[in-house]
Amino acid sequence: MESGAKKWGFQGKQGLEAASTTTVRGYINLLMGNINQDNCLTVVPLGHGDPSHFPSFRTTPAAEDAIVDALRSAKHNCYSTTVGTLPARRALADYLNRDLPYNLSPDDVYLTIGCTQGIEVVISILSRPGANILLPRPGFPLYEAWCAYNHLEMRHYDLLPEKGWEVDLDAVETLADENTVAMVIINPGNPCGNVFGYEHLKKIAETARKLGILVIADEAYDNIAFGSTPYVPMRVFGLTVPILTLGSISKRWVVPGWRFGWLVTSDPDGILQKSGVINSIAGFLNISSDPATFIQAAIPQILENTKEDFFSKIISTLRECADICYNRIEEIPSLTCPKKPEGSMFVMVKLNLSMLEDINDDVDFCLKLAKEESVIILPGIAMELKNWLRVTFAIEPSLLQEGLARVKAFCQRHAKKQ
């Protein structure tokens, strides 16, 4: 600053950059920056779950037609109400009411800009001085980022690989205290590819009730289950414990760029209303943005007109890709997959460093893999699980085969000499 000049009264927000670098996007940007630009290999994206780029995962024409019809009607160029339009909320309540022992109403549904905004909402409204929240390890790093931003203390409970990535409920009870506000579960599982069974979800609900905390059910991958365990939504247990469900059309309809999601309160006993949580959700949405109105207008038509064969095709393709991924990883001695994925679009893989040379940890593995083979895999430290890897299998099957062949070649090249 020049001598005698006035001192500027502004500066960047402290801590924001640190929080953002721990997200999936932060790590993907880091890895993409390590790609060797002189390498002619096609980049294989096994780090970010966005299959919409690939022909095998194109969304249904019914969804595209609904968007076009809503846009061309010229009836939906206006602002939306802050909680979302009534027809969209009513259609979603009907869609989510299937197999519930009680009925959701449109007033239980709040529309969000994808699951991402839903996470922002729930973490923001539950943050208060001294409060803490229970997060899964491994989990989805955006929760950690928003907790750090809101100064909400994080306590991590483990998912147990030897038990099919079930929640360590004993740890949950040990971690919780009078300042614990909620626990987050992700089902079907990102990043583990697991699907919680009915009985395990029931135990989670009963544990949360015992502790006096609500459950945040991240169901971004709802109904994306292709193994032996049927998908059960957490809201089935709304009579046991208050539940905030986060969902979207991003994954099931394969349109993540449309940025349309929902936050749903499952609370027949009115506990969330009495505690002020409902008013806080509405208040937060009053000062934030909302999904594009024409997409909201298309939702009833999307939900009504999408045929089951579209969902079946996507599930079939994901099952094929999960098989490819699991079987190819099994061929690599330095990688271990404790459980074949049954849902979502990811699997967690254990990195056996003792079998590798010149690889320090999971981040080093991923950086060198990106540079040498142009394959992007997310390091486990992003999900709070050091020396593991998160692999997405939701890409074109032929490209998945190629990418995993490169991973195998990389591991062979760095294998310790016998």
Side-chain angles (χ1 to χ4, degrees), residues 96-104 108 118-119 122-123 125-126 131-140 143 152-190 192 194-223 225 227-247 263-278 281 339 342-344:
L96 299 170
N97 266 333
R98 295 167 298 174
D99 303 321
L100 290 186
Y102 58 91
N103 281 327
L104 296 168
D108 298 316
I119 294 171
V122 297
I123 297 302
I125 67 167
L126 293 174
N132 67 76
I133 189 169
L134 308 183
L135 302 179
R137 181 174 51 213
F140 183 51
Y143 286 96
L152 178 60
E153 180 190 349
M154 297 167 268
R155 298 181 180 181
H156 289 92
Y157 65 84
D158 288 322
L159 302 180
L160 305 172
E162 68 275 13
K163 293 187 177 181
W165 298 107
E166 286 190 346
V167 173
D168 185 347
L169 290 172
D170 291 336
V172 168
E173 293 202 38
T174 301
L175 288 168
D177 60 22
E178 67 277 4
N179 292 316
T180 304
V181 294
M183 68 177 293
V184 173
I185 67 163
I186 304 174
N187 184 48
N190 174 9
C192 300
N194 60 297
V195 179
F196 292 140
Y198 180 93
E199 290 301 322
H200 189 58
L201 290 171
K202 182 180 179 182
K203 289 178 182 177
I204 291 172
E206 291 170 345
T207 300
R209 180 183 180 89
K210 175 182 176 182
L211 297 172
I213 62 178
L214 63 84
V215 176
I216 299 169
D218 185 326
E219 296 177 354
Y221 294 88
D222 71 310
N223 288 288
S228 59
T229 306
Y231 168 69
V232 177
M234 190 69 200
R235 58 186 173 275
V236 166
F237 303 98
L239 290 166
T240 301
V241 64
I243 296 163
L244 299 179
T245 297
L246 306 180
L263 189 166
V264 175
T265 58
S266 301
D267 180 34
D269 294 329
I271 299 168
L272 296 175
Q273 182 69 57
K274 295 171 187 174
S275 65
V277 169
I278 299 295
I281 293 171
K339 181 176 173 59
E342 292 191 328
S344 81

- Value for CD1 (Ile123) from CG (Leu135), rounded to nearest 0.5 Å, stands at 6.5 Å

- Item | Separation between CG of Leu211 and CG of Leu134, rounded to the nearest 0.5 Å | 8.0 Å

- What one should report as the nearest heavy-atom pair of Gly164 and Lys339 is CA-CD, 3.3 Å

- Side-chain contact test, heavy atoms from C-beta onward, threshold under 4.5 Å: evaluate it for Ile243 versus Asp267 and give yes or no. no

- Query: When you look at CZ of Arg209, are more than 12 heavy atoms from neighbouring residues, nucleotides or ligands closer to it than 6.0 Å?
  - Reply: no

- Given side chains that start at C-beta, do those of Glu342 and Ser228 come closer than 4.5 Å, heavy atoms only? yes

- Item | With sequence neighbours excluded, residues passing side chain to side chain contact (heavy atoms under 4.5 Å, CB included) with Lys202 | Tyr198, Glu199, Glu206, Phe237

- Message: Determine whether Ile119 and Val184 satisfy the following criterion, side chain to side chain contact (heavy atoms under 4.5 Å, CB included), listing intermediate values before the conclusion.
- Response: CA-CA 10 Å; Ile119 294 171; Val184 173; over 6 Å; no

- Separation between CG of Leu126 and CG of Leu244, rounded to the nearest 0.5 Å: 7.0 Å

- Message: My understanding is that only residues two or more places apart in sequence, or in another chain, count here; which of them pass side chain to side chain contact (heavy atoms under 4.5 Å, CB included) with Pro161?
- Response: Trp165, Pro338, Trp388

- Has the side chain of Glu219 got a donor or acceptor atom that lies under 3.5 Å from a matching backbone atom of Pro233? no

- For Pro230 against Val195, the heavy-atom pair lying closest together: O-CG1, 3.9 Å

- Message: To the nearest 0.5 Å, what is the distance between OH on Tyr143 and CE on Met154?
- Response: 13.5 Å

- Item | Ile204 side chain reached by Met183 side chain, heavy atoms, under 4.5 Å | yes

- Message: For a 4.5 angstrom cut-off between non-hydrogen side-chain atoms, does Ile185 reach Ile216?
- Response: no

- Residue pair Asp269 / Lys274, side-chain heavy-atom distance below 4.5 Å: no

- Query: In Å and rounded to the nearest 0.5 Å, what is the CG to CG distance from Asn132 to Leu152?
  - Reply: 7.0 Å

- Message: Please find the pair of heavy atoms, one from Leu104 and one from Ser266, that lie closest to each other, and give the distance.
- Response: CD2-OG, 3.9 Å

- Task: Side-chain contact test, heavy atoms from C-beta onward, threshold under 4.5 Å: evaluate it for Leu263 versus Ile281 and give yes or no.
- Result: yes

- Looking only at heavy atoms, what is the nearest atom pair of Cys192 and Leu159, with distance? SG-CD1, 4.1 Å

- Query: Are the side chain of Asp168 and the backbone of Tyr157 linked by a donor-acceptor contact shorter than 3.5 Å?
  - Reply: no

- Close side-chain approach of Val172 and Val167, heavy atoms under 4.5 Å: yes

- Query: Which pair of non-hydrogen atoms, one from Leu175 and one from Thr180, has the smallest distance, and what is that distance?
  - Reply: O-OG1, 4.3 Å

- Can you sort out the partners of Asp222 under salt bridge (Lys or Arg N to Asp or Glu O under 4.0 Å), two or more places apart, ordered by chain and number? none

- Query: Which value, rounded to the nearest 0.5 Å, describes the distance between Ile186 atom CD1 and Tyr221 atom OH?
  - Reply: 9.5 Å

- How far apart are the closest heavy atoms of Arg235 and Leu100, and which atoms are they? CG-CD2, 3.6 Å

- Query: Are the side chain of Ser344 and the backbone N or O of Pro188 linked by a donor-acceptor pair below 3.5 Å?
  - Reply: no

